[in-house]
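Below is one structure, written out as structure tokens, with a few remarks after it.
Worth saying up front: this structure is predicted, and the values here are computed from it rather than measured.
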Amino acid sequence: MSFSELKRQARTHILAPRRPNLFLVTALYYILTFLLWILVVNLSDFGQFLQEMTASADAFVRSGGVLPLELPPFYLTLLGSVFFVIPWLFIWTLDLGYLFYARGIVQGETMSFWSLMEGFNYLIDTILIRAIRSAPIVAGLSFSLILDQSLVGLFFLTLGLVAVCAFSQSCLLLLDHPGKGVLWCLTASARLMHGRKLQYCFLMASFLGWYFLTQLPFIFVAASFWFVTYTNFTYVGYYNKITGRGPEEEPQWRRPGMF
């Protein structure tokens with residue numbers, strides 16, 4: 001099975017008539033994530049407001065004034081960070097809920113609008129998996145900014161891409177084996193992706209054209225709807241293939257021993 005065959009099967013599942021309509025479910029997913037994005041943006045402004053308030057309070061104290069209640073800058077920064085992170089946690093759980101929906105459709109199960117809420121049953125596990133997967137990338141960006149060393153940042157970004165590919169199946173494994181725990185899902189994903197990381201990287205890269213379309217004005221809404229459904233259904237099909245749920249023939253692109 002080639003990339004084109006995986007994507008053909010994904011399109012078949014996407015365009016098949018069903019209740020509720022797939023694109024209505026996707027619309028609900030986008031509305032919820034859009035509202036959370038607005039909250040993220042507003043809370044980032046709230047963090048800036050806390051910093052400005054702290055600076056004003058420090059200047060007031062240095063000039064001889066006395067504050068009725070003095071909260072250390074560290075706690076203000078921590079408070080702003082907590083409020084900023086919370087919406088991201090809900091976005092991650094909604095992402096898992098949509099993946100759960102796509103997985104159910106591909107496997108012939110009856111799904112509903114409430115399927116999007118399934119991710120909240122795995123809230124802590126989802127947070128841990130996403131944090132571990134993104135840690136090398138965050139470290140790379142941080143080192144690039146702090147040390148002003150692009151090579152160090154590039155190293156960590158490359159390491160992050162390897163981690164993303166190695167742990168790419170962990171969320172689907174979590175949905176299939178909810179009682180196994182985060183460590184088992186990450187380990188099982190790494191074993192599944194042994195020798196398949198490069199092919200999965202190519203699979204992700206094959207959607208770059210659709211991603212760029214989502215950045216264009218006027219068509220970004222329609223392109224985004226198609227992009228999120230197309231990628232999720234294709235990734236579920238890929239997972240089914242490497243776990244033995246799909247056809248038995250060997251994938252044409254697989255080369256044993258590849259990175």
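Of the inter-residue distances, the one linking Ile14 atom CD1 with Thr229 atom OG1 reads 4.0 Å to the nearest 0.5 angstrom. Put simply, SG on Cys171 and CZ on Arg133 are 5.5 Å apart, with the number rounded to the nearest 0.5 Å. If you take CD1 on Ile129 and CG on Leu96, they are separated by 8.0 Å, rounding to the nearest 0.5 Å. Separation of atoms OG (Ser4) and CD (Gln9) is listed at 10.0 Å; rounding is to 0.5 Å. Taking CZ of Arg19 as the start and OG1 of Thr110 as the end, the distance is 13.5 Å to the nearest 0.5 Å. Between the OG1 atom in Thr93 and the CD1 atom in Ile127 there is a gap of 8.0 Å [rounded to 0.5 Å].
For the pair Leu22 and Phe233, the minimum side-chain heavy-atom distance is below 4.5 Å. Within the 4.5 Å cutoff, the side chain of Leu94 has heavy atoms near those of the Leu36 side chain. In this structure, the side chains of Phe100 and Met117 stay at 4.5 Å or more apart for every pair of heavy atoms. Taking the side chain as every heavy atom from C-beta outward, Phe212 and Leu216 never approach each other to under 4.5 Å. Within the 4.5 Å cutoff, no side-chain heavy atoms of Cys185 are placed close to those of His177. The shortest side-chain heavy-atom distance between Phe227 and Leu213 does not fall under the 4.5 Å cut-off. Residues Tyr239 and Val106 form no side-chain contact, since every pair of their non-hydrogen atoms from C-beta on lies 4.5 Å or further apart. You'll find the side chain of Asp176 stays beyond 4.5 Å of the side chain of Leu172, heavy atoms only.
No close placement of the Tyr29 and Phe113 rings is indicated, their centers lying 6.0 Å or farther apart.
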- Item | Residues Gln199, Tyr238; criterion side-chain hydrogen bond (donor to acceptor under 3.5 Å, both in side chains); working and verdict | CA-CA 11 Å; Gln199 68 181 219; Tyr238 180 83; 2.5 Å; yes
- Message: For Thr12 and Arg8: C-alpha separation, side-chain torsions, deciding distance, then whether side-chain contact (heavy atoms from CB on, under 4.5 Å) applies.
- Response: CA-CA 6 Å; Thr12 299; Arg8 185 195 65 78; 3.8 Å; yes
- Query: Given the rule in the side-chain contact (heavy atoms from CB on, under 4.5 Å) test, do Ser168 and Lys197 qualify, once you have shown the distances and angles that lead to the verdict?
  - Reply: CA-CA 9 Å; Ser168 58; Lys197 298 183 191 68; over 6 Å; no
- Message: Set out, in order, the CA-CA distance, both residues' side-chain angles and the distance that settles side-chain contact (heavy atoms from CB on, under 4.5 Å) for Leu192 and Leu173, then state yes or no.
- Response: CA-CA 10 Å; Leu192 273 175; Leu173 286 165; 4.1 Å; yes
- Steps toward side-chain contact (heavy atoms from CB on, under 4.5 Å) verdict (Tyr30, Val228): CA-CA 10 Å; Tyr30 261 106; Val228 71; 3.6 Å; yes
- Assess whether ring pair (Phe, Tyr, Trp, His ring centres under 6.0 Å) is satisfied between Phe120 and Phe90, documenting all intermediate values. CA-CA 8 Å; Phe120 289 94; Phe90 286 105; 5.7 Å; yes
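Taking both residues in full, the closest heavy atoms of Tyr122 and Pro178 are given as CE2-CB, 3.5 Å, listed atom of the first, atom of the second, then distance. The minimum heavy-atom distance linking Thr243 with Asn240 is given by the pair OG1-O, 3.4 Å. Scanning both residues, Met193 and Ile242, for their nearest heavy atoms gives SD-CD1, 4.0 Å. When all heavy atoms of Phe167 and Ser170 are compared, the pair lying nearest together is O-OG, 2.6 Å.
Side-chain atoms of Arg18 come within 3.5 Å of backbone N or O of His13 as a donor-acceptor pair. Under the 3.5 Å distance criterion, the side-chain polar atoms of Thr187 are matched with a main-chain donor or acceptor of Leu183. When atom types are taken as modelled, the side chain of Ser189 and the backbone of Ala166 share a donor-acceptor pair closer than 3.5 angstrom.
Between Tyr200 and Tyr235, the ring planes are tilted. Angles from 30° to 60° get that label.
Here the rule is side chain to side chain contact (heavy atoms under 4.5 Å, CB included) with Leu116, and of Asp95, Thr26, Leu28 only Leu28 fits it.
Atom CZ of Phe23 has more than 12 neighbouring heavy atoms from other residues, nucleotides or ligands inside a 6.0 Å radius.
Geometrically, Lys7 engages Phe207 in a cation-pi contact, judged by NZ or CZ lying under 6.0 Å from the ring centre and within 45° of the ring axis.
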